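Single-structure report; data block below.
Just so it is clear, the model here is predicted, and its values are computed rather than measured. Lettering follows sequence order; numbering is per chain, from 1.
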2 protein chains.
Amino acid sequence: MSTHSHTPCELCASRKQSMFSDLPESQLCTISDYKNLISHRKGQILYYEGTKPLGIFCINAGVVKVYKTASNGKEQIIHLAKKGDFLGYAALLSEENYTNSAMIIEDAKICFVPKEPFLNTLLKNTDFFKRVTKQLSHEIGVMEERLTDATQKSIRERLAFVLLQLANSYGVEGGGNQKIDLVLSREEIAGIVGTATESVIRLLSEFKKDNLIDMDGKKIIVKDKRGLARLSDFYA
Amino acid sequence: MSTHSHTPCELCASRKQSMFSDLPESQLCTISDYKNLISHRKGQILYYEGTKPLGIFCINAGVVKVYKTASNGKEQIIHLAKKGDFLGYAALLSEENYTNSAMIIEDAKICFVPKEPFLNTLLKNTDFFKRVTKQLSHEIGVMEERLTDATQKSIRERLAFVLLQLANSYGVEGGGNQKIDLVLSREEIAGIVGTATESVIRLLSEFKKDNLIDMDGKKIIVKDKRGLARLSDFYA
DNA sequence: TCCATTATATGATTTATATCAGGTTATTTT
DNA sequence: AAAATAACCTGATATAAATCATATAATGGA
(Lines give C-alpha, C1' and ligand atoms only; values in the text may rest on other atoms or scores of the structure.)
Protein backbone atom coordinates (compact mmCIF):
# COMPACT_ATOMS: atom_id res chain seq x y z
CA MET A 1 0.00 0.00 0.00
CA SER A 2 1.82 3.13 -1.17
CA THR A 3 0.92 6.72 -0.35
CA HIS A 4 1.19 9.67 -2.72
CA SER A 5 -0.25 13.13 -2.38
CA HIS A 6 0.02 14.45 -5.90
CA THR A 7 -3.00 14.95 -8.21
CA PRO A 8 -5.03 17.63 -6.43
CA CYS A 9 -8.81 17.13 -6.53
CA GLU A 10 -9.03 20.13 -8.87
CA LEU A 11 -7.27 18.14 -11.56
CA CYS A 12 -8.73 14.75 -10.74
CA ALA A 13 -10.32 13.14 -13.77
CA SER A 14 -12.78 11.06 -11.79
CA ARG A 15 -14.10 14.18 -10.04
CA LYS A 16 -16.54 14.94 -12.83
CA GLN A 17 -18.33 11.67 -12.15
CA SER A 18 -18.46 12.16 -8.42
CA MET A 19 -20.50 14.08 -5.88
CA PHE A 20 -17.58 16.53 -5.78
CA SER A 21 -18.34 17.55 -9.34
CA ASP A 22 -19.86 20.94 -8.56
CA LEU A 23 -17.78 21.99 -5.60
CA PRO A 24 -16.31 25.48 -5.95
CA GLU A 25 -12.54 25.65 -6.41
CA SER A 26 -11.88 26.94 -2.91
CA GLN A 27 -13.67 24.13 -1.10
CA LEU A 28 -12.23 21.56 -3.43
CA CYS A 29 -8.79 22.79 -2.48
CA THR A 30 -9.54 22.45 1.20
CA ILE A 31 -10.48 18.85 0.69
CA SER A 32 -7.56 18.36 -1.63
CA ASP A 33 -5.12 19.62 1.01
CA TYR A 34 -6.26 17.06 3.50
CA LYS A 35 -6.82 14.05 1.33
CA ASN A 36 -4.27 11.49 0.41
CA LEU A 37 -4.18 9.04 -2.42
CA ILE A 38 -3.41 5.43 -1.69
CA SER A 39 -2.83 2.62 -4.14
CA HIS A 40 -4.41 -0.67 -3.29
CA ARG A 41 -3.93 -4.11 -4.75
CA LYS A 42 -6.63 -6.66 -5.32
CA GLY A 43 -7.57 -8.42 -2.09
CA GLN A 44 -6.71 -5.56 0.24
CA ILE A 45 -9.26 -4.38 2.74
CA LEU A 46 -10.31 -0.73 2.91
CA TYR A 47 -12.23 -1.10 6.11
CA TYR A 48 -13.99 -3.71 8.21
CA GLU A 49 -17.58 -3.89 9.39
CA GLY A 50 -17.88 -2.83 13.00
CA THR A 51 -14.97 -0.39 12.96
CA LYS A 52 -15.21 3.35 13.31
CA PRO A 53 -15.21 5.47 10.15
CA LEU A 54 -12.59 8.20 10.22
CA GLY A 55 -13.33 9.72 6.85
CA ILE A 56 -14.63 8.88 3.42
CA PHE A 57 -13.06 7.18 0.43
CA CYS A 58 -13.21 8.50 -3.09
CA ILE A 59 -12.41 6.01 -5.80
CA ASN A 60 -10.13 7.31 -8.49
CA ALA A 61 -9.59 4.01 -10.26
CA GLY A 62 -10.30 0.34 -9.71
CA VAL A 63 -13.21 -1.53 -8.20
CA VAL A 64 -14.20 -2.14 -4.60
CA LYS A 65 -16.71 -4.65 -3.31
CA VAL A 66 -18.78 -3.55 -0.36
CA TYR A 67 -20.13 -6.55 1.49
CA LYS A 68 -21.55 -7.95 4.68
CA THR A 69 -20.57 -11.27 6.17
CA ALA A 70 -23.67 -13.23 7.17
CA SER A 71 -23.80 -15.43 10.27
CA ASN A 72 -23.32 -18.51 8.08
CA GLY A 73 -20.03 -17.09 6.81
CA LYS A 74 -21.25 -16.23 3.34
CA GLU A 75 -20.73 -12.81 1.84
CA GLN A 76 -23.60 -10.65 0.70
CA ILE A 77 -22.23 -8.08 -1.71
CA ILE A 78 -24.08 -4.82 -1.23
CA HIS A 79 -22.45 -2.81 -3.95
CA LEU A 80 -19.56 -2.72 -6.39
CA ALA A 81 -18.01 0.74 -6.30
CA LYS A 82 -15.97 2.19 -9.13
CA LYS A 83 -14.32 5.40 -10.34
CA GLY A 84 -16.10 8.47 -9.05
CA ASP A 85 -17.95 6.61 -6.29
CA PHE A 86 -17.76 7.62 -2.65
CA LEU A 87 -17.51 5.05 0.07
CA GLY A 88 -18.24 5.17 3.74
CA TYR A 89 -20.17 8.42 3.91
CA ALA A 90 -23.31 6.70 5.14
CA ALA A 91 -21.44 5.23 8.10
CA LEU A 92 -19.77 8.57 8.78
CA LEU A 93 -23.05 10.49 8.67
CA SER A 94 -24.94 7.92 10.72
CA GLU A 95 -22.33 8.40 13.45
CA GLU A 96 -22.20 4.64 13.84
CA ASN A 97 -19.59 2.05 12.99
CA TYR A 98 -19.31 0.63 9.50
CA THR A 99 -22.21 -1.68 8.74
CA ASN A 100 -20.21 -3.38 5.97
CA SER A 101 -16.69 -4.15 4.84
CA ALA A 102 -14.89 -3.05 1.70
CA MET A 103 -12.33 -5.00 -0.29
CA ILE A 104 -10.46 -4.08 -3.46
CA ILE A 105 -11.31 -6.47 -6.27
CA GLU A 106 -9.52 -4.61 -9.04
CA ASP A 107 -6.29 -2.69 -8.38
CA ALA A 108 -7.35 0.74 -7.23
CA LYS A 109 -6.32 4.29 -6.50
CA ILE A 110 -8.39 5.68 -3.71
CA CYS A 111 -8.37 9.04 -1.96
CA PHE A 112 -9.07 9.19 1.71
CA VAL A 113 -10.70 12.42 2.91
CA PRO A 114 -10.67 12.72 6.69
CA LYS A 115 -13.90 13.29 8.55
CA GLU A 116 -13.25 16.93 9.49
CA PRO A 117 -12.68 18.57 6.11
CA PHE A 118 -15.49 16.47 4.64
CA LEU A 119 -18.03 17.43 7.28
CA ASN A 120 -16.92 21.06 7.24
CA THR A 121 -17.39 21.27 3.50
CA LEU A 122 -20.76 19.62 3.88
CA LEU A 123 -21.92 22.25 6.35
CA LYS A 124 -20.42 25.14 4.44
CA ASN A 125 -21.86 24.14 1.09
CA THR A 126 -25.56 23.45 1.23
CA ASP A 127 -25.71 22.37 -2.39
CA PHE A 128 -23.13 19.73 -1.69
CA PHE A 129 -25.00 18.64 1.42
CA LYS A 130 -28.15 18.36 -0.66
CA ARG A 131 -26.40 16.27 -3.24
CA VAL A 132 -25.13 13.86 -0.60
CA THR A 133 -28.58 13.66 0.96
CA LYS A 134 -30.11 13.04 -2.43
CA GLN A 135 -27.71 10.18 -2.99
CA LEU A 136 -28.47 8.66 0.43
CA SER A 137 -32.20 8.87 -0.21
CA HIS A 138 -31.82 7.35 -3.62
CA GLU A 139 -29.89 4.43 -2.18
CA ILE A 140 -32.68 3.70 0.26
CA GLY A 141 -35.08 3.28 -2.65
CA VAL A 142 -32.61 0.96 -4.37
CA MET A 143 -32.23 -1.15 -1.24
CA GLU A 144 -36.00 -1.45 -0.90
CA GLU A 145 -36.14 -2.77 -4.43
CA ARG A 146 -33.34 -5.23 -3.78
CA LEU A 147 -35.00 -6.50 -0.63
CA THR A 148 -38.26 -7.02 -2.47
CA ASP A 149 -36.48 -8.86 -5.27
CA ALA A 150 -34.59 -11.01 -2.77
CA THR A 151 -37.79 -12.22 -1.11
CA GLN A 152 -40.01 -12.47 -4.18
CA LYS A 153 -37.88 -13.43 -7.15
CA SER A 154 -36.17 -16.67 -8.07
CA ILE A 155 -32.42 -17.07 -8.29
CA ARG A 156 -32.65 -17.30 -12.07
CA GLU A 157 -34.49 -14.00 -12.26
CA ARG A 158 -32.09 -12.32 -9.89
CA LEU A 159 -29.02 -13.57 -11.71
CA ALA A 160 -30.38 -12.38 -15.04
CA PHE A 161 -31.02 -8.99 -13.50
CA VAL A 162 -27.56 -8.79 -11.94
CA LEU A 163 -25.97 -9.54 -15.31
CA LEU A 164 -27.92 -6.70 -16.90
CA GLN A 165 -26.87 -4.31 -14.17
CA LEU A 166 -23.24 -5.35 -14.43
CA ALA A 167 -23.41 -4.84 -18.18
CA ASN A 168 -24.74 -1.34 -17.60
CA SER A 169 -22.07 -0.40 -15.08
CA TYR A 170 -19.07 -2.27 -16.42
CA GLY A 171 -20.01 -3.01 -20.00
CA VAL A 172 -17.69 -2.30 -22.92
CA GLU A 173 -18.90 -2.59 -26.49
CA GLY A 174 -17.53 -5.17 -28.88
CA GLY A 175 -19.08 -6.88 -31.89
CA GLY A 176 -22.56 -5.61 -31.13
CA ASN A 177 -22.41 -7.23 -27.70
CA GLN A 178 -21.47 -5.89 -24.30
CA LYS A 179 -18.66 -7.45 -22.35
CA ILE A 180 -18.72 -7.08 -18.57
CA ASP A 181 -15.20 -5.76 -18.13
CA LEU A 182 -14.71 -7.01 -14.62
CA VAL A 183 -13.31 -10.26 -13.30
CA LEU A 184 -15.66 -11.79 -10.78
CA SER A 185 -15.46 -15.30 -9.39
CA ARG A 186 -18.57 -17.44 -9.41
CA GLU A 187 -18.53 -17.14 -5.66
CA GLU A 188 -18.59 -13.35 -5.87
CA ILE A 189 -21.45 -13.38 -8.35
CA ALA A 190 -23.24 -15.67 -5.90
CA GLY A 191 -22.56 -13.06 -3.24
CA ILE A 192 -24.20 -10.37 -5.31
CA VAL A 193 -27.25 -12.46 -6.17
CA GLY A 194 -27.50 -13.96 -2.73
CA THR A 195 -27.28 -17.65 -3.56
CA ALA A 196 -24.93 -20.63 -3.55
CA THR A 197 -21.90 -20.71 -5.83
CA GLU A 198 -23.03 -23.94 -7.48
CA SER A 199 -26.33 -22.36 -8.43
CA VAL A 200 -24.54 -19.53 -10.21
CA ILE A 201 -22.32 -21.99 -12.06
CA ARG A 202 -25.28 -24.02 -13.21
CA LEU A 203 -27.36 -21.04 -14.25
CA LEU A 204 -24.51 -19.37 -16.13
CA SER A 205 -24.03 -22.61 -18.08
CA GLU A 206 -27.72 -22.62 -18.81
CA PHE A 207 -27.65 -18.98 -19.94
CA LYS A 208 -24.71 -19.77 -22.19
CA LYS A 209 -26.44 -22.80 -23.66
CA ASP A 210 -29.48 -20.61 -24.31
CA ASN A 211 -27.27 -18.08 -26.10
CA LEU A 212 -27.98 -15.30 -23.64
CA ILE A 213 -24.36 -14.90 -22.66
CA ASP A 214 -20.90 -16.07 -23.67
CA MET A 215 -17.53 -16.15 -21.94
CA ASP A 216 -14.33 -14.37 -22.87
CA GLY A 217 -11.87 -15.86 -20.44
CA LYS A 218 -13.24 -14.97 -17.04
CA LYS A 219 -15.36 -12.15 -18.40
CA ILE A 220 -18.99 -12.47 -19.32
CA ILE A 221 -20.33 -11.28 -22.65
CA VAL A 222 -23.98 -10.30 -22.64
CA LYS A 223 -25.32 -11.45 -25.98
CA ASP A 224 -29.06 -11.07 -25.48
CA LYS A 225 -30.12 -8.22 -23.23
CA ARG A 226 -33.77 -8.56 -24.11
CA GLY A 227 -33.68 -12.24 -23.33
CA LEU A 228 -32.12 -11.60 -19.95
CA ALA A 229 -34.61 -8.82 -19.29
CA ARG A 230 -37.45 -11.20 -20.07
CA LEU A 231 -35.95 -13.80 -17.75
CA SER A 232 -35.49 -11.29 -14.95
CA ASP A 233 -39.19 -10.52 -14.78
CA PHE A 234 -41.79 -12.63 -13.08
CA TYR A 235 -43.76 -15.02 -15.27
CA ALA A 236 -42.45 -13.54 -18.47
CA MET B 1 -60.77 11.50 5.88
CA SER B 2 -61.34 14.60 7.97
CA THR B 3 -59.12 17.66 8.16
CA HIS B 4 -58.39 19.69 11.26
CA SER B 5 -55.73 22.28 11.85
CA HIS B 6 -55.69 22.48 15.62
CA THR B 7 -52.84 21.11 17.80
CA PRO B 8 -49.85 23.19 16.75
CA CYS B 9 -46.57 21.30 16.51
CA GLU B 10 -45.35 23.19 19.58
CA LEU B 11 -47.90 21.32 21.67
CA CYS B 12 -47.80 18.02 19.84
CA ALA B 13 -47.11 15.13 22.21
CA SER B 14 -45.52 12.94 19.57
CA ARG B 15 -43.02 15.67 18.73
CA LYS B 16 -40.62 14.62 21.45
CA GLN B 17 -40.18 11.25 19.77
CA SER B 18 -39.66 12.69 16.32
CA MET B 19 -36.89 14.31 14.35
CA PHE B 20 -38.65 17.60 15.11
CA SER B 21 -37.76 17.20 18.78
CA ASP B 22 -35.02 19.80 18.93
CA LEU B 23 -36.38 22.38 16.53
CA PRO B 24 -36.42 25.91 17.93
CA GLU B 25 -39.85 27.37 18.62
CA SER B 26 -39.75 29.77 15.69
CA GLN B 27 -39.07 27.12 13.06
CA LEU B 28 -41.52 24.76 14.63
CA CYS B 29 -44.18 27.43 14.26
CA THR B 30 -43.37 27.91 10.60
CA ILE B 31 -43.93 24.23 10.01
CA SER B 32 -46.95 24.25 12.24
CA ASP B 33 -48.53 27.04 10.24
CA TYR B 34 -48.32 25.08 7.02
CA LYS B 35 -49.07 21.60 8.22
CA ASN B 36 -52.46 20.05 8.51
CA LEU B 37 -53.64 17.13 10.52
CA ILE B 38 -55.68 14.47 8.83
CA SER B 39 -57.44 11.51 10.40
CA HIS B 40 -57.17 8.26 8.56
CA ARG B 41 -59.04 5.00 8.97
CA LYS B 42 -57.55 1.56 8.63
CA GLY B 43 -57.15 0.61 5.01
CA GLN B 44 -56.73 4.11 3.65
CA ILE B 45 -53.77 4.90 1.43
CA LEU B 46 -51.41 7.71 2.28
CA TYR B 47 -49.58 7.62 -1.01
CA TYR B 48 -48.83 5.27 -3.86
CA GLU B 49 -45.53 4.07 -5.24
CA GLY B 50 -44.64 5.92 -8.42
CA THR B 51 -46.39 9.17 -7.52
CA LYS B 52 -44.72 12.45 -6.79
CA PRO B 53 -44.10 13.41 -3.16
CA LEU B 54 -45.47 16.83 -2.26
CA GLY B 55 -44.39 16.90 1.35
CA ILE B 56 -43.73 14.68 4.30
CA PHE B 57 -46.01 12.93 6.76
CA CYS B 58 -45.57 13.00 10.50
CA ILE B 59 -47.42 10.34 12.41
CA ASN B 60 -49.20 11.60 15.50
CA ALA B 61 -51.06 8.38 16.27
CA GLY B 62 -51.76 5.05 14.64
CA VAL B 63 -49.69 2.72 12.49
CA VAL B 64 -48.80 2.86 8.82
CA LYS B 65 -47.36 0.07 6.72
CA VAL B 66 -44.86 1.11 4.09
CA TYR B 67 -44.64 -1.52 1.38
CA LYS B 68 -43.67 -2.38 -2.15
CA THR B 69 -45.75 -4.47 -4.49
CA ALA B 70 -43.59 -7.09 -6.19
CA SER B 71 -44.13 -8.18 -9.79
CA ASN B 72 -45.88 -11.33 -8.55
CA GLY B 73 -48.44 -9.19 -6.76
CA LYS B 74 -47.20 -9.91 -3.25
CA GLU B 75 -46.45 -7.13 -0.80
CA GLN B 76 -43.04 -6.67 0.74
CA ILE B 77 -43.48 -4.60 3.86
CA ILE B 78 -40.50 -2.29 4.24
CA HIS B 79 -41.41 -0.69 7.52
CA LEU B 80 -44.18 -0.21 10.05
CA ALA B 81 -44.30 3.44 11.05
CA LYS B 82 -45.78 4.67 14.30
CA LYS B 83 -46.17 7.77 16.48
CA GLY B 84 -43.28 10.16 16.01
CA ASP B 85 -42.11 8.62 12.73
CA PHE B 86 -41.69 10.63 9.57
CA LEU B 87 -42.73 9.25 6.24
CA GLY B 88 -41.78 10.12 2.71
CA TYR B 89 -38.76 12.29 3.39
CA ALA B 90 -36.45 9.94 1.53
CA ALA B 91 -38.57 10.21 -1.61
CA LEU B 92 -38.80 13.98 -1.20
CA LEU B 93 -35.05 14.39 -0.74
CA SER B 94 -34.17 11.99 -3.54
CA GLU B 95 -36.23 14.21 -5.86
CA GLU B 96 -37.75 11.07 -7.30
CA ASN B 97 -41.20 9.55 -7.11
CA TYR B 98 -42.21 7.40 -4.16
CA THR B 99 -40.45 4.04 -4.26
CA ASN B 100 -43.10 2.52 -2.01
CA SER B 101 -46.71 2.86 -0.93
CA ALA B 102 -48.12 3.61 2.50
CA MET B 103 -51.36 2.30 3.98
CA ILE B 104 -52.93 2.91 7.38
CA ILE B 105 -53.22 -0.33 9.33
CA GLU B 106 -54.33 1.20 12.62
CA ASP B 107 -56.53 4.30 12.74
CA ALA B 108 -54.19 7.24 12.56
CA LYS B 109 -53.72 10.96 12.93
CA ILE B 110 -51.12 12.20 10.55
CA CYS B 111 -49.76 15.67 9.85
CA PHE B 112 -48.84 16.60 6.35
CA VAL B 113 -46.05 19.14 6.03
CA PRO B 114 -45.72 20.51 2.50
CA LYS B 115 -42.42 20.31 0.69
CA GLU B 116 -41.56 24.02 0.89
CA PRO B 117 -41.67 24.69 4.63
CA PHE B 118 -39.97 21.37 5.28
CA LEU B 119 -37.10 21.99 2.88
CA ASN B 120 -36.74 25.59 4.03
CA THR B 121 -36.45 24.52 7.64
CA LEU B 122 -33.94 21.89 6.61
CA LEU B 123 -31.73 24.46 4.93
CA LYS B 124 -32.11 27.03 7.67
CA ASN B 125 -31.39 24.64 10.51
CA THR B 126 -28.22 22.65 9.96
CA ASP B 127 -28.72 20.59 13.08
CA PHE B 128 -32.06 19.47 11.82
CA PHE B 129 -30.57 18.69 8.41
CA LYS B 130 -27.88 16.64 10.14
CA ARG B 131 -30.45 14.72 12.13
CA VAL B 132 -32.39 13.86 8.99
CA THR B 133 -29.20 12.82 7.23
CA LYS B 134 -28.21 10.71 10.19
CA GLN B 135 -31.55 8.95 10.03
CA LEU B 136 -31.23 8.32 6.28
CA SER B 137 -27.74 6.91 6.75
CA HIS B 138 -28.87 4.72 9.58
CA GLU B 139 -31.68 3.32 7.47
CA ILE B 140 -29.25 2.30 4.77
CA GLY B 141 -27.37 0.18 7.28
CA VAL B 142 -30.62 -1.40 8.40
CA MET B 143 -31.59 -2.22 4.84
CA GLU B 144 -28.22 -3.82 4.19
CA GLU B 145 -28.78 -6.04 7.19
CA ARG B 146 -32.27 -6.96 6.00
CA LEU B 147 -31.04 -7.80 2.53
CA THR B 148 -28.34 -10.06 3.96
CA ASP B 149 -30.85 -11.79 6.21
CA ALA B 150 -33.26 -12.23 3.33
CA THR B 151 -30.70 -14.05 1.20
CA GLN B 152 -28.91 -16.00 3.92
CA LYS B 153 -31.41 -16.89 6.59
CA SER B 154 -34.29 -19.33 6.67
CA ILE B 155 -37.90 -18.30 6.97
CA ARG B 156 -38.02 -19.68 10.49
CA GLU B 157 -35.07 -17.55 11.52
CA ARG B 158 -36.49 -14.47 9.89
CA LEU B 159 -39.92 -14.91 11.44
CA ALA B 160 -38.41 -15.34 14.89
CA PHE B 161 -36.43 -12.17 14.36
CA VAL B 162 -39.45 -10.22 13.13
CA LEU B 163 -41.41 -11.24 16.23
CA LEU B 164 -38.62 -9.96 18.46
CA GLN B 165 -38.53 -6.66 16.60
CA LEU B 166 -42.28 -6.25 16.76
CA ALA B 167 -42.15 -6.96 20.48
CA ASN B 168 -39.54 -4.24 20.85
CA SER B 169 -41.50 -1.66 18.89
CA TYR B 170 -45.06 -2.53 19.78
CA GLY B 171 -44.71 -4.59 22.93
CA VAL B 172 -46.73 -3.92 26.06
CA GLU B 173 -45.95 -5.67 29.31
CA GLY B 174 -48.36 -8.11 30.92
CA GLY B 175 -47.74 -11.05 33.23
CA GLY B 176 -44.01 -11.04 32.66
CA ASN B 177 -44.57 -11.42 28.93
CA GLN B 178 -44.71 -8.91 26.13
CA LYS B 179 -47.78 -8.63 23.98
CA ILE B 180 -47.35 -7.25 20.46
CA ASP B 181 -50.06 -4.63 20.64
CA LEU B 182 -50.77 -4.50 16.95
CA VAL B 183 -53.24 -6.44 14.83
CA LEU B 184 -51.49 -7.94 11.84
CA SER B 185 -52.94 -10.55 9.52
CA ARG B 186 -50.87 -13.64 8.76
CA GLU B 187 -50.58 -12.26 5.24
CA GLU B 188 -49.08 -9.03 6.53
CA ILE B 189 -46.61 -10.87 8.72
CA ALA B 190 -45.69 -12.85 5.63
CA GLY B 191 -45.16 -9.52 3.87
CA ILE B 192 -42.73 -8.39 6.53
CA VAL B 193 -40.77 -11.64 6.57
CA GLY B 194 -40.93 -12.07 2.83
CA THR B 195 -42.59 -15.45 2.57
CA ALA B 196 -45.90 -17.16 1.82
CA THR B 197 -48.87 -16.73 4.14
CA GLU B 198 -49.14 -20.48 4.72
CA SER B 199 -45.57 -20.64 5.90
CA VAL B 200 -46.25 -17.98 8.52
CA ILE B 201 -49.35 -19.81 9.71
CA ARG B 202 -47.46 -23.08 10.04
CA LEU B 203 -44.47 -21.54 11.79
CA LEU B 204 -46.58 -19.54 14.22
CA SER B 205 -48.39 -22.76 15.17
CA GLU B 206 -45.03 -24.40 15.65
CA PHE B 207 -43.77 -21.50 17.81
CA LYS B 208 -46.92 -21.72 19.88
CA LYS B 209 -46.57 -25.47 20.30
CA ASP B 210 -42.97 -24.90 21.40
CA ASN B 211 -44.14 -22.36 23.97
CA LEU B 212 -42.27 -19.49 22.38
CA ILE B 213 -45.40 -17.45 21.77
CA ASP B 214 -49.09 -17.45 22.59
CA MET B 215 -52.13 -15.74 21.11
CA ASP B 216 -54.45 -13.21 22.70
CA GLY B 217 -57.15 -12.87 20.08
CA LYS B 218 -55.31 -11.61 17.03
CA LYS B 219 -52.38 -10.36 19.02
CA ILE B 220 -49.21 -12.30 19.60
CA ILE B 221 -47.72 -12.72 23.05
CA VAL B 222 -43.99 -13.26 23.12
CA LYS B 223 -43.38 -15.75 25.90
CA ASP B 224 -39.77 -16.71 25.33
CA LYS B 225 -37.57 -13.97 23.94
CA ARG B 226 -34.39 -15.90 24.46
CA GLY B 227 -35.83 -18.89 22.66
CA LEU B 228 -36.82 -16.74 19.71
CA ALA B 229 -33.40 -15.07 19.75
CA ARG B 230 -31.74 -18.47 19.63
CA LEU B 231 -33.98 -19.50 16.75
CA SER B 232 -33.29 -16.32 14.83
CA ASP B 233 -29.57 -16.97 14.70
CA PHE B 234 -27.88 -19.36 12.36
CA TYR B 235 -27.11 -22.81 13.73
CA ALA B 236 -27.90 -21.83 17.31
C1' DT C 1 -79.61 -13.03 11.45
C1' DC C 2 -78.15 -14.91 7.53
C1' DC C 3 -75.12 -14.73 3.71
C1' DA C 4 -70.84 -13.64 1.63
C1' DT C 5 -66.35 -12.84 2.13
C1' DT C 6 -62.07 -13.03 4.15
C1' DA C 7 -58.77 -15.08 7.35
C1' DT C 8 -56.92 -19.09 9.31
C1' DA C 9 -55.68 -23.76 9.38
C1' DT C 10 -53.75 -28.19 7.76
C1' DG C 11 -52.58 -31.87 4.56
C1' DA C 12 -50.56 -33.35 0.08
C1' DT C 13 -47.62 -32.32 -3.57
C1' DT C 14 -44.23 -30.03 -6.23
C1' DT C 15 -40.33 -27.37 -7.02
C1' DA C 16 -36.42 -24.66 -6.54
C1' DT C 17 -32.29 -24.53 -4.64
C1' DA C 18 -28.92 -25.80 -1.06
C1' DT C 19 -25.88 -29.23 0.11
C1' DC C 20 -22.80 -33.02 -0.54
C1' DA C 21 -19.54 -35.48 -3.23
C1' DG C 22 -16.34 -36.34 -6.77
C1' DG C 23 -14.35 -34.68 -10.57
C1' DT C 24 -11.45 -31.54 -13.92
C1' DT C 25 -9.26 -27.44 -15.05
C1' DA C 26 -6.83 -23.18 -13.84
C1' DT C 27 -3.74 -20.57 -10.92
C1' DT C 28 -0.27 -19.80 -7.65
C1' DT C 29 3.55 -21.04 -5.09
C1' DT C 30 7.83 -23.26 -4.29
C1' DA D 1 8.32 -27.86 -13.68
C1' DA D 2 6.16 -29.88 -10.11
C1' DA D 3 3.30 -29.47 -6.36
C1' DA D 4 -0.26 -27.29 -4.03
C1' DT D 5 -4.19 -24.62 -3.93
C1' DA D 6 -8.08 -22.56 -5.59
C1' DA D 7 -11.70 -22.19 -9.00
C1' DC D 8 -14.91 -24.37 -11.72
C1' DC D 9 -18.03 -27.97 -13.18
C1' DT D 10 -21.50 -31.78 -12.86
C1' DG D 11 -24.33 -35.25 -10.83
C1' DA D 12 -26.95 -37.09 -6.91
C1' DT D 13 -29.53 -36.14 -2.96
C1' DA D 14 -31.88 -33.70 0.60
C1' DT D 15 -34.81 -30.21 2.15
C1' DA D 16 -37.06 -25.97 2.89
C1' DA D 17 -40.60 -23.67 1.37
C1' DA D 18 -44.03 -22.59 -2.33
C1' DT D 19 -48.11 -24.03 -4.24
C1' DC D 20 -52.42 -26.41 -4.52
C1' DA D 21 -56.50 -28.11 -2.44
C1' DT D 22 -60.00 -28.13 0.81
C1' DA D 23 -61.95 -27.34 5.29
C1' DT D 24 -63.19 -24.50 9.19
C1' DA D 25 -63.54 -20.29 11.66
C1' DA D 26 -64.10 -15.41 11.95
C1' DT D 27 -65.68 -11.11 10.28
C1' DG D 28 -68.48 -7.73 7.99
C1' DG D 29 -72.60 -6.33 5.22
C1' DA D 30 -77.26 -6.37 3.71
Side-chain angles (χ1 to χ4, degrees), chain A residues 41-43 65 70-76 103 105-107 148-162 182-209 213-220 231-232 234-235, chain B residues 41-43 65 70-76 103 105-107 148-162 182-209 213-220 231-232 234-235:
Chain A
R41 310 288 319 267
K42 183 172 175 165
K65 71 170 171 188
S71 40
N72 63 355
K74 286 194 185 173
E75 275 179 15
Q76 174 63 47
M103 180 191 279
I105 60 166
E106 200 170 79
D107 292 357
T148 307
D149 284 355
T151 62
Q152 305 294 350
K153 289 191 169 186
S154 70
I155 303 291
R156 178 179 285 102
E157 290 170 314
R158 277 147 61 191
L159 177 60
F161 187 65
V162 163
L182 180 60
V183 174
L184 291 169
S185 68
R186 303 298 193 234
E187 192 176 3
E188 281 169 327
I189 296 174
I192 303 173
V193 174
T195 186
T197 307
E198 295 95 322
S199 298
V200 169
I201 291 172
R202 266 182 258 270
L203 284 168
L204 285 181
S205 310
E206 181 193 312
F207 288 179
K208 189 178 170 189
K209 185 174 63 69
I213 62 168
D214 210 337
M215 299 301 299
D216 177 10
K218 306 218 60 155
K219 292 177 180 171
I220 297 171
L231 253 191
S232 76
F234 251 92
Y235 315 128
Chain B
R41 310 290 318 269
K42 185 173 174 163
K65 71 170 172 188
S71 40
N72 62 356
K74 286 195 185 171
E75 276 180 12
Q76 174 64 47
M103 180 191 278
I105 61 166
E106 201 169 80
D107 292 358
T148 306
D149 284 356
T151 62
Q152 305 294 350
K153 288 191 169 185
S154 70
I155 303 292
R156 178 179 286 103
E157 290 170 314
R158 277 147 61 192
L159 177 60
F161 187 65
V162 163
L182 180 61
V183 174
L184 291 169
S185 67
R186 303 299 193 233
E187 191 175 4
E188 282 170 326
I189 297 173
I192 302 173
V193 176
T195 186
T197 307
E198 294 95 322
S199 298
V200 169
I201 291 172
R202 264 183 258 271
L203 284 168
L204 285 181
S205 311
E206 180 192 314
F207 287 179
K208 189 178 170 189
K209 186 175 61 71
I213 62 168
D214 210 338
M215 299 301 301
D216 177 10
K218 305 216 60 154
K219 293 177 180 170
I220 297 170
L231 253 191
S232 74
F234 251 90
Y235 314 125

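Counting to the nearest Å, the P atom of D/dT10 and the CD atom of A/Glu206 are 12 Å from each other. The distance between atom CD of A/Glu188 and atom P of D/dA6, rounded to the nearest whole Å, is 15 Å. Between the CG atom of A/Leu204 and the P atom of D/dA7 there is a distance of 16 Å, given to the nearest Å. If you measure from atom CG of A/Leu159 to atom C1' of C/dT17, you get 13 Å, rounded to the nearest angstrom. Here the P atom of nucleotide D/dA6 and the CD atom of A/Glu187 are 11 Å apart, to the nearest Å. Remark: P of D/dT10 and NZ of A/Lys208 are 9 Å apart, rounded to the nearest angstrom. Following rounding to the nearest Å, A/Ile201 (CD1) and D/dA7 (C1') show an atom-to-atom distance of 8 Å.
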What side-chain donor-acceptor pairs closer than 3.5 Å can you find for residues 195-205 of chain A, not counting sequence neighbours?
unit_1, atom_1, unit_2, atom_2, d
A/Ser205, OG, A/Ile201, O, 2.9

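Here A/Lys218 does not reach the OP1 or OP2 of C/dA26: none of its side-chain N or O atoms lies under 4.0 Å away.
Contact check for A/Glu157 versus A/Leu231: no side-chain heavy atoms found under the 4.5 Å cut-off.
Atom NZ of B/Lys153 sits about 12.5 Å away from atom CG of B/Leu159, to the nearest 0.5 Å. Distance CE/B/Met103 to CD/B/Glu188: 8.0 Å, rounded to 0.5 Å.
The only option from A/Asp214, A/Leu184, A/Leu182, A/Ile213 that meets the side-chain contact (heavy atoms from CB on, under 4.5 Å) definition with A/Ile220 turns out to be A/Ile213.
Judged purely by atom type and a 3.5 angstrom limit, A/Glu106 has no side-chain atom pairing as donor or acceptor with the backbone of A/Lys42.
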Discussion item. Walk along nucleotides 11-18 of chain D from 5' to 3' and tag each nucleotide B, S or - by protein heavy-atom contact under 4.0 Å, base first, then sugar-phosphate.
Written reply: BB----SS

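Residue B/Ser205 is in sugar-phosphate contact alone, with no base atom involved, counting any heavy-atom pair closer than 4.0 Å across all strands shown.
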